[in-house]
Number of protein chains: 2
Amino acid sequence: MSAPRTARARVRAELTREIADAARRQLAESGAAGLSLRAVARELGMASSAVYRYFANRDELLTALIASAYDGIGAAAEAADAAVARGDHLGRWRAVGEAVRDWAQARPHEYALVYGSPVPGYAAPDSTVGPASRVVLALGANFADAARGGRLAPLAVPVSEPSGPLAAELAALLAGVPGGAEGVGAAAPDVVRRCLAAWTQLFGTVSFELFGQYAMVGHREEYVRHTLELTGVLLGLRAE
Amino acid sequence: MSAPRTARARVRAELTREIADAARRQLAESGAAGLSLRAVARELGMASSAVYRYFANRDELLTALIASAYDGIGAAAEAADAAVARGDHLGRWRAVGEAVRDWAQARPHEYALVYGSPVPGYAAPDSTVGPASRVVLALGANFADAARGGRLAPLAVPVSEPSGPLAAELAALLAGVPGGAEGVGAAAPDVVRRCLAAWTQLFGTVSFELFGQYAMVGHREEYVRHTLELTGVLLGLRAE
DNA sequence: CGTTTTCGAGAGCAGTGCTCTCACAGTAGA
DNA sequence: TCTACTGTGAGAGCACTGCTCTCGAAAACG
């Protein structure tokens, strides 16, 4: 992503972005399955075949949109987390949850693109795993901070700890989160499983709301807020 | 669904089923977006236009597949629940969870059709809400049974109860579960919110596993089992 | 300057959902 | 039983899709 040196390279980068933008607009209207390279070309007033100079095929265009969606949702989560006092772990969780939820509500098709059914015959390339983990890493930092400060409440009911290779594997994941595993010690597998559970609950809730599974609940927004709070508390997060 | 009286009606019902079966087969191979009416027609050796005598359009065919998927997953959940001792509430939860997970793993595309992104421009008709609620109703029966028997452990941490109209609405939902709200009393909103949280966590977990979000976890099946157990215990379910 | 690379446009292929028309076969009423 | 009706299958056709190929022009490079 260095600065384009020739005029040609500059206009190429610009056009690439314009195509992606038009595709995103069209995605918002018709969804992933309705995304048409020809329609994108029409909107930009160019021949459909010319688009193939910039994206080799539809999947490559989808990949660009997927990466940008992961980045957008990850940035929203990180910003929300950063805006809350470091020690208010429940507040940080709530903030990240609301941010993810609001982002999804504002861009349902982009959200569905990354957290809905995988596009058939399409495998996300490795370049998307980095952006894809930003949200869970933000959640993980919160849990790790709480554990480090001794402020992660013990699970109030007897639950078997993860054991054996699974425990080792979970503990190893902590090395990837900002702040790392220092100061967490033997609690690492427990901290990571709580984080993954929270992460799963968050996206399960957001998806269910967005995809219409909560049709039986009338006060949906209030319900979502309430259930996220419940999850955070049950998993040991506390306010300052 | 009465018995067809004329020969024509009989062969019509049969062909309708055959078309749906062929579509399901094709769905398993190419996913929802790759489901082609023409390919279905080819497989059955008939003209593509003839299929339209049985399903007005692609969406109607999809609706049939969606309904049958909901029914299949609901039946699997109910059967799993019924096979466990009524008083073993944690065991019932575990059984339903595993059943849903196994069903999804065996038929990923059918699962994605109902719990993945909604097909764009397609709205599920009312005829699918019945089958769609079978799983959550099975879970609800378990929670309600536990509450009735005084065996739903109180949440071990202070969590604000749902209040106001949301609480009333949650309580009202209990009327729909097998066994009803009798004997649950004032705990109804709490029981329902726990059930919905469990339901969300279950499908969040199954979807994340199926859609590849757990790529960082190597011992995935063990992890899924562990996290479902954790959820059940945290939400107050106990073994006999 | 000439050569090479890059790019846009157009035609074309194979496939899609869906509609329309037309001929035929099964059904029901006189 | 004959007739009118209705359900059904086949075929042609429309507008659309992703994608490939070729060709001429323009920009970049030596």
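Each chain gets a letter, A, B and so on, in the order its sequence line appears, and its residues count up from 1.
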| query | Which whole-number value in Å describes the distance from E14(A) CD to dC7(C) P? | reply | 14 Å
| Residue mapping more 5' on DNA chain C - nearest nucleotide basis, M46(A) or R38(A) | M46(A)
| query | Across the strands shown, which category fits L61(A) at heavy-atom distances under 4.0 angstrom: base, sugar-phosphate, nothing? | reply | nothing
| message | Just to be sure I understand the rule, does L15(B) reach a base, reach only the sugar-phosphate, or reach nothing, if contact means heavy atoms closer than 4.0 Å? | response | sugar-phosphate
| message | I want to confirm an ordering. Mapping S36(B) and A50(A) to their closest nucleotides on DNA chain C, which one lands closer to the 5' end? | response | A50(A)
| What nucleic acid atoms does L35(A) come within less than 4.0 Å of, heavy atoms only: base, sugar-phosphate, or nothing? | sugar-phosphate
| said: Any donor-acceptor pair under 3.5 Å linking the side-chain atoms of S207(B) with those of Y115(A)? | reply: no
| request: Would you mind classifying the nucleic acid contact of Y54(A) as base, sugar-phosphate or nothing, using non-hydrogen atoms under 4.0 angstrom? | output: sugar-phosphate
| query | So, does the side chain of R12(B) form a donor-acceptor pair with the base of dG7(D) at under 3.5 Å? | reply | no
| said: Whole angstroms only, please: what is the CZ-P distance between R58(A) and dT16(C)? | reply: 15 Å
| said: Using heavy-atom distances to pick each residue's nearest nucleotide on DNA chain D, tell me which of Y52(A) and S48(B) is more 5'. | reply: S48(B)
| Is the ring centre of F203(A) less than 6.0 Å from the ring centre of F203(B)? | no
| Base dG9(D) to side chain S49(B), donor-acceptor N/O within 3.5 Å cut-off | no
| What about R8(A), does its side chain sit under 3.5 Å from the base of dT6(C) through a donor-acceptor pair? | yes
| Integer-rounded Å distance: dC16(D) P and N57(B) CG | 19 Å
| Nearest to the side chain of A39(A) - dT17(D), dC19(D), dT19(C)? | dT17(D)
| query | Cationic tip of R134(B) within the cone over Y70(B)'s six-membered ring, i.e. under 6.0 Å and within 45° of the normal? | reply | no
| Residue pair L27(A) / L65(A), side-chain heavy-atom distance below 4.5 Å | yes
| message | Between R107(A) and R24(A), is there a side-chain heavy-atom distance shorter than 4.5 Å? | response | no
| In whole angstroms, how far is the C1' atom of dG17(C) from the CG atom of L62(B)? | 12 Å
| query | Rounded to whole angstrom units, what separation is found between the CZ atom of R42(B) and the P atom of dA10(D)? | reply | 14 Å
| Sole candidate of E221(B), E222(B), E229(B) that passes salt bridge (charged side-chain N to carboxylate O under 4.0 Å, His left out) when paired with R225(B) | E221(B)
| said: Is there a side-chain contact between T231(B) and W93(B) in this structure, where contact means two heavy atoms from C-beta onward sitting under 4.5 Å apart? | reply: yes
| task | Residues of residues 20-28 of chain A with any non-hydrogen atom less than 4.0 angstrom from an atom of DNA chain C: list those, numerically ordered, please. | result | none
| Nearest-Å distance for atom pair CD/P, residues E60(B) and dT19(C) | 12 Å
| message | Applying side chain to side chain donor-acceptor pair (under 3.5 Å) as the test, list every pair that has at least one member in residues 32-44 of chain B; sequence neighbours left out. | response | R25(B)-E43(B)
| message | On the side chain of R53(B), is there an atom forming a donor-acceptor pair with the base of dG7(D) - under 3.5 Å, no angle test? | response | no
| Taking atom P of dT27(C) as reference, at what distance in whole Å does atom CZ of R10(B) sit? | 9 Å
